[in-house]
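What follows is one structure encoded as structure tokens, with my remarks underneath.
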2 protein chains.
Amino acid sequence: MTGATTPARGRRRSEQTRLAILTAAYELTTEVGFPDLTIEGIAARAGAGKQTVYRWWPTKADVLLEALALKADLKVSTADQGSFDAELDAFLRDSAALMAFPGVVPVLRSLMAEAQRDADFRRRFQDGFLAKRRAALETVVERAAARGDKPAHLTAAFAADLVFGLIWYRVLATERLLGQDDITAIRRLLNEHPGEE
Amino acid sequence: MTGATTPARGRRRSEQTRLAILTAAYELTTEVGFPDLTIEGIAARAGAGKQTVYRWWPTKADVLLEALALKADLKVSTADQGSFDAELDAFLRDSAALMAFPGVVPVLRSLMAEAQRDADFRRRFQDGFLAKRRAALETVVERAAARGDKPAHLTAAFAADLVFGLIWYRVLATERLLGQDDITAIRRLLNEHPGEE
DNA sequence: CCATTATCGAGACGTAACGTCTAGAAATAG
DNA sequence: CTATTTCTAGACGTTACGTCTCGATAATGG
């Protein structure tokens, strides 16, 4: 039913308008903050009609979620680097780099906050962002397991909970960002081998 | 100036009304959710005037923060148990128990979300909740250090980031709560000793 | 080349909650 | 009894919401 059907006739969606809306949303968020961000404001700044925004995005948070992908480099390194530790290091550096993008941290805060308020957006945020990041890190751990490189007792899911937990807690509850010392500490922690088994 | 002065004359603040407001806020949140929670609704349910709520609390989130302390047992065990591992276990069990209180998880989500939107509340939430929890866990780690019980390379601050990171990430980004297996995994991870130094 | 269809910008509309403010009753202290 | 403070109750203007209407603009199909 809802397949990739119907090229359809009629006027096509304007890519230029789409980009203008995403850019306006991202910039406005850094200027006035997410709570004072309004669909009306986004449309006005983008030179678009309010209806145009409502047609394509259900909420302002969804606009911002898509704008994030446009503004920041969301690529994470999962390439085989030979060892678990090297791939973990690459992953952590990429994550730190992402959050160094101007405006990314406030946007991440806003999106996670909105995910607590709106159950529908929560699902879209999970699928469109959180799950992808998790999958990347879990890939690294699972490859380590296949290689016989993985510390005992460390599951992919638990490793992801730990790493993303640390990152998100820093973002949401503190002012400290992920630094080189943190990366070192995480690598040391996840690479330790208990004597047993 | 703003000391603990002035017993003052005039009518005293009604403790009964205060409790009615806190209870109403807590119950309403579980019923309609934080976004649809309104000061008007709280006042109406409590049989209080809107002005009475505004007089004592700056935002609805502050009402809920105080209601949380009223409804849930916020005590965390930091008593000396002889070993780092035993105290860590007690702390984690207490944390899991707190979140098993009915309604606590949704309230925690709402408060953390609100802390992202309102910088002033963010500070009050830090001081009135987050910092206290951190201090409890850091006490445990520091006592372990004094005892010579603490794993090398583990700082109190980093341990707190890890543990609270895991807990909060679970609450905010997943549906899984802290279980016995998680407690076991954390204890194992934080008690491992690298060979060096 | 014309009818059809979908998108576009612009803005009017009723609704809902906001936070402030006023008013009079109730409680407490000197 | 007088001054002071909190209490419930509700009116008030403001603001953004999401929906809806409108005429214009593009793209397709016959």
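Chain letters run A, B, ... following the sequence lines, proteins first and then strands; every chain starts at 1.
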Length of the CG-C1' vector between A:Asp118 and D:dC17, whole Å:
15 Å
So does B:Thr17 get a side-chain nitrogen or oxygen closer than 4.0 Å to the phosphate oxygens (OP1/OP2) of D:dT8?
yes
Are any of the side-chain nitrogens in B:Arg134 or B:Asp161 under 4.0 Å away from the carboxylate oxygens of its partner?
yes
Sequence-distant partners of B:Phe91, ring-ring contact (aromatic ring centres under 6.0 Å, His included), two or more places apart
B:Phe164
Whole angstrom value for the distance that separates C1' of D:dC7 from CD1 of B:Ile42:
18 Å
Nearest whole Å is fine: how far is D:dG18 P from A:Asp120 CG?
13 Å
If you measure only the distance, is there a donor-acceptor pair under 3.5 Å linking the side chains of B:Thr184 and B:Asp181?
no
Of the options D:dT8, D:dC7, C:dC8, whose atoms approach the side-chain atoms of A:Arg13 most closely?
C:dC8
In whole angstrom, what separates A:Leu28's CG from D:dA16's C1'?
15 Å
Protein-to-nucleotide contact annotation, 5' to 3' order, nucleotides 15-20 of chain C [B base; S sugar-phosphate only; - none; under 4.0 Å, heavy atom]
--SBBB
Specify the separation, in whole Å, of atom CZ of B:Arg11 and atom C1' of C:dT28.
10 Å
Please report the distance, rounded to the nearest Å, between CZ in B:Arg9 and P in D:dT4.
6 Å
Basic-acidic side-chain contact under 4.0 Å: A:Asp182, A:Arg187:
no
Whole-Å distance separating the CH2 atom of A:Trp57 from the C1' atom of C:dT7
13 Å
Pair B:Glu66 + B:Lys71: basic N to acidic O under 4.0 Å
no
Are OP1 or OP2 of D:dT28 and a side-chain N or O of A:Arg12 less than 4.0 angstrom apart?
yes
Pairs in or reaching into residues 92-118 of chain B: which pass ring pair (Phe, Tyr, Trp, His ring centres under 6.0 Å), with residues at least two apart or in two chains?
none
When you check the phosphate oxygens OP1 and OP2 of C:dC8, does a side-chain N or O of A:Trp56 lie under 4.0 Å from one of them?
yes
Roughly how many Å is it from CG in A:Asp62 to P in D:dG18, rounded to a whole number?
12 Å
Would one find a side-chain N or O of A:Ser14 under 4.0 angstrom from OP1 or OP2 of D:dA26?
no
